[in-house]
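The shown structure was predicted, so the numbers you read here are calculated from the model rather than taken from an experiment. Start at 1 and go down the list; that is how both ligands and their atoms are numbered.
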Amino acid sequence: MPQVGDSVIREKLAACLRSDPKTLPSMYFYDHRGSELYEEITKLEEYYPPKIEIPLLRSTARKLKQELKDCDLVELGSGDCSKISVFLDEIPEEIRQTIVYYPVDVCKDSIEKSACNLQNKYPEMGIHGITADFLEHIEKIPGKRKRFFCFFGSTIGNFTEARAMEFMADLGKAMNENDRLLLGVDMVKDIDIIEKAYNDRQGITAEFNKNILKVTNDHLGTDFDPEEFEHVAFFNREHSRIEMHLKAKDDLEVASPILDEKIIFKKGETIHTENSHKYTVEGIKRMAGAAGLSVENIFSDDKKWFSLVEMVK
Ligand code: AVI
């Protein structure tokens, strides 16, 4: 018996599958199984971003520690707070006790649990979780003291170009003169390295990609069989992004009693499931400039594969 999601989600998914070309929004990767698979991806040899971002968070925290004094540290999309924890480990306790940390995430349970864990780890620091979709409610973020915004993980790379620009512009508008933003971005590099990161030998990324069909089945009551689709991931040079697709192995029809319609696929037709943009220094500066921000520092690893970009208004 399919689990029927709410009508807004249903309409959104249905519209994506009716569109030409067909799409599914990448946010639907992350049900329980999808989150487990993503966790596995982060440990894969080929998937380089976390292996570079984590040490970079440490070295950058050591460089920025003075800027964190007396500030409200706002992490957008804080998840399990594991990244900020790496960052805060490098901040001396006497500075930490002047910081108030605001994790912002849509998931109330995850915020409460991770804020509690973090409070046990750093009893000297104020912590106030904010349950909000920061893409919609940036005004919910307090603004009395100077703020240090963080958005790690190159999650911005998964937004459409227009959405990323809109998000940056909203942030640019919300930021005051003393505020700072530290943005994690995955950089353009040898295409073979990028493509291998999304086509791992164990097939975990393929399973992660196909899992979106099970999530769709849960919401729409469709009978997608993930085995009838092939995982495809390639670098699109024009848009400077990895694209993930699911390609129909044959002509097929997918039924949905909830939608009361069939979804028809021709052999080779794809569902576009994700974009993961890769950035250049020029691209980052352009994006910052268009949002009314300027780039103060770019902290990168030796190979310049990943960057933490510090921006000010
Ligand atoms: C969450 N996000 C930054 C990942 C990325 O690399 O774009 C999602 C991902 N998709 C496939 N592998 C990882």
Test item: Asp186 side-chain N/O and Lys278 main-chain N/O as donor-acceptor pair under 3.5 Å = no

Less than 6.0 Å separating the ring centroids of Tyr30 and Phe208?
-> yes

Tyr38-Phe29 aromatic ring centre distance below 6.0 Å | no

What residue and atom, counting heavy atoms only, is the protein's closest point to atom 13 (C) of ligand 1, and at what distance?
-> Tyr47 OH, 3.5 Å

With heavy atoms only and a cut-off of under 4.0 Å, state how Tyr30 meets ligand 1: side chain, backbone, both or neither.
-> side chain

Below 3.5 angstrom, do we get any N/O pair linking Thr205 and ligand 1?
-> no

Arg237: what forms a salt bridge (charged side-chain N to carboxylate O under 4.0 Å, His left out) with it, not counting sequence neighbours?
-> none

Qualifying residue for side-chain contact (heavy atoms from CB on, under 4.5 Å) with Phe229, from Leu252, Thr273, Ile212 | Leu252

Would you mind checking which non-hydrogen protein atom is closest to atom 8 (C) of ligand 1, with the distance to 0.1 Å?
-> Glu274 OE2, 3.4 Å

Find all atoms of ligand 1 within a distance of less than 4.0 Å from any non-hydrogen atom belonging to Ser154, and give their numbers and elements.
-> 3 (C)

Provide the number and element of each atom of ligand 1 under 4.0 Å from a heavy atom of Phe208.
-> 10 (N), 11 (C)

Part of Asn158 with heavy atoms under 4.0 Å of ligand 1, whether side chain, backbone, both or neither | side chain

Atom 7 (O) of ligand 1 sits nearest the protein heavy atom Ser276 OG, 2.7 Å

By number and element, which atoms of ligand 1 are closer than 4.0 Å to a non-hydrogen atom of Gly153?
-> 3 (C)

So, Asp89 and Tyr122: side-chain donor and acceptor under 3.5 Å apart, yes or no?
-> yes

